[in-house]
Amino acid sequence: MKYLIVDKTFGVFSMGKFKRLIVMLTLGLCAASCFAKQICFQVVQHDNSATDVTEQSLTIEDEVLNKFFEYGFIVTNAAAQVAVSDGSNEKIYKTGIGEAFNGFSDYFVQINLFFSKDESTTSSKSDLKKIDFSIANAKTGTKLADSCMENIKLEHKKDDLKKVSSTLVSEINKALKENKTKA
């Protein structure tokens, strides 16, 4: 037995069509309210003793990407690079923000990792001494924030890198929230 629903606005509907209409309206409403910001990250390694991106840099990149994904962002990354000179950093930045723009990202975050080797370095590898990052609107290129973390102490343990990465994620997230209206 089919039931008919009579409505002056929509006319006559069978119960099956009415259910489909309700489901479609609900799905449309849910789809309209679901959104996430897309962030493109780029790690730039500044290390005179390394010619390739090191495991430390890739570990930090991985931790940052994973945390922002867990926060509900759509996360992409431009290839991690080694800056051979200060002048190359600007070229790397332009390439990265171009990739963010072409990938329809909302934000572009460049993370600069500064390594150095001196008499206090305890291993054959350079130590991470400083991290700075800049956040830009990927659509307009406008810089939204710049920040720096200095005097980083690591004993080349993966747990130390995770702690530093967590602090970095907190700083980036804080800066994103402060500049939400500018994006």
Side-chain angles (χ1 to χ4, degrees), residues 30-47 50 53-83 86 88-116 120 125-183:
C30 289
S33 65
C34 294
F35 62 92
K37 292 287 184 180
Q38 183 171 328
I39 303 176
C40 180
F41 289 95
Q42 179 183 49
V43 171
V44 180
Q45 176 180 303
H46 299 266
D47 186 356
V53 178
T54 62
E55 185 180 340
Q56 289 178 317
S57 297
L58 295 175
T59 299
I60 290 172
E61 178 186 47
D62 188 49
E63 289 295 317
V64 169
L65 293 173
N66 288 336
K67 286 289 185 190
F68 274 96
F69 181 75
E70 289 172 9
Y71 287 165
F73 289 92
I74 299 169
V75 181
T76 63
N77 67 316
Q81 303 269 334
V82 176
D86 290 336
S88 68
N89 200 40
E90 186 64 28
K91 182 181 176 187
I92 293 170
Y93 180 84
K94 287 180 180 179
T95 302
I97 199 162
E99 288 180 25
F101 177 79
N102 291 333
F104 303 105
S105 293
D106 297 302
Y107 300 104
F108 173 68
V109 179
Q110 185 182 55
I111 302 169
N112 292 290
L113 305 175
F114 294 91
F115 294 85
S116 68
S120 66
K125 297 178 182 177
S126 297
D127 285 338
L128 180 62
K129 298 293 183 186
K130 179 174 104 171
I131 300 175
D132 70 25
F133 67 87
S134 62
I135 301 172
N137 181 318
K139 295 172 184 144
T140 64
T142 307
K143 281 211 177 176
L144 303 174
D146 284 310
S147 188
C148 183
M149 297 169 48
E150 296 188 73
N151 302 321
I152 297 170
K153 302 289 185 212
L154 295 177
E155 295 177 20
H156 293 290
K157 294 180 183 174
K158 212 166 193 174
D159 290 339
D160 289 344
L161 288 173
K162 287 184 180 187
K163 288 176 187 173
V164 168
S165 298
S166 290
T167 305
L168 178 61
V169 166
S170 297
E171 292 293 318
I172 294 171
N173 198 31
K174 185 173 98 178
L176 283 171
K177 286 179 181 178
E178 289 172 359
N179 293 291
K180 196 176 201 178
T181 58
K182 295 179 187 176

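Starting from 1, each residue takes its place in the sequence as its number.
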- Message: Do Val164 and Asp160 have side chains that approach each other closer than 4.5 Å (heavy atoms only, starting at C-beta)?
- Response: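 Side chain of Val164 against side chain of Asp160, heavy atoms only: no contact under 4.5 Å found.
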With sequence neighbours left out, what residues match [X] under side-chain contact (heavy atoms from CB on, under 4.5 Å)?
X      : answer
Lys91  : none
Ala145 : Ile135, Ala175, Asn179
Ser166 : Lys67

- Message: Run the salt bridge (charged side-chain N to carboxylate O under 4.0 Å, His left out) test against Lys174 and tell me which residues pass, sequence neighbours left out.
- Response: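 Lys174 satisfies salt bridge (charged side-chain N to carboxylate O under 4.0 Å, His left out) with no other residue.
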Please identify each residue that fulfils side-chain hydrogen bond (donor to acceptor under 3.5 Å, both in side chains) with [X], with sequence neighbours left out.
X      : result
Ser57  : Gln45, Thr54
Asp146 : none
Glu61  : Asn77
Ser165 : none

For [X], give me all partners under ring pair (Phe, Tyr, Trp, His ring centres under 6.0 Å), at least two apart in sequence or on another chain.
X      : answer
Phe108 : Tyr93
Tyr71  : Phe68
Phe101 : none

- Task: Supply the atom-to-atom distance Cys40 SG to Ile74 CD1, rounded to the nearest 0.5 angstrom.
- Result: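 So the SG of Cys40 and the CD1 of Ile74 are separated by 12.5 Å.
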- Message: If I compare all heavy atoms of Ser126 with all of Gln56, which pair ends up nearest, and what's the gap?
- Response: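 Smallest interatomic distance, heavy atoms only, reads O-OE1, 3.8 Å.
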- Task: Write out all pairs satisfying side-chain hydrogen bond (donor to acceptor under 3.5 Å, both in side chains) with one or both partners inside residues 94-104, taking only residues at least two apart or from two chains.
- Result: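 Every pair satisfying side-chain hydrogen bond (donor to acceptor under 3.5 Å, both in side chains) with a residue in residues 94-104: there are none.
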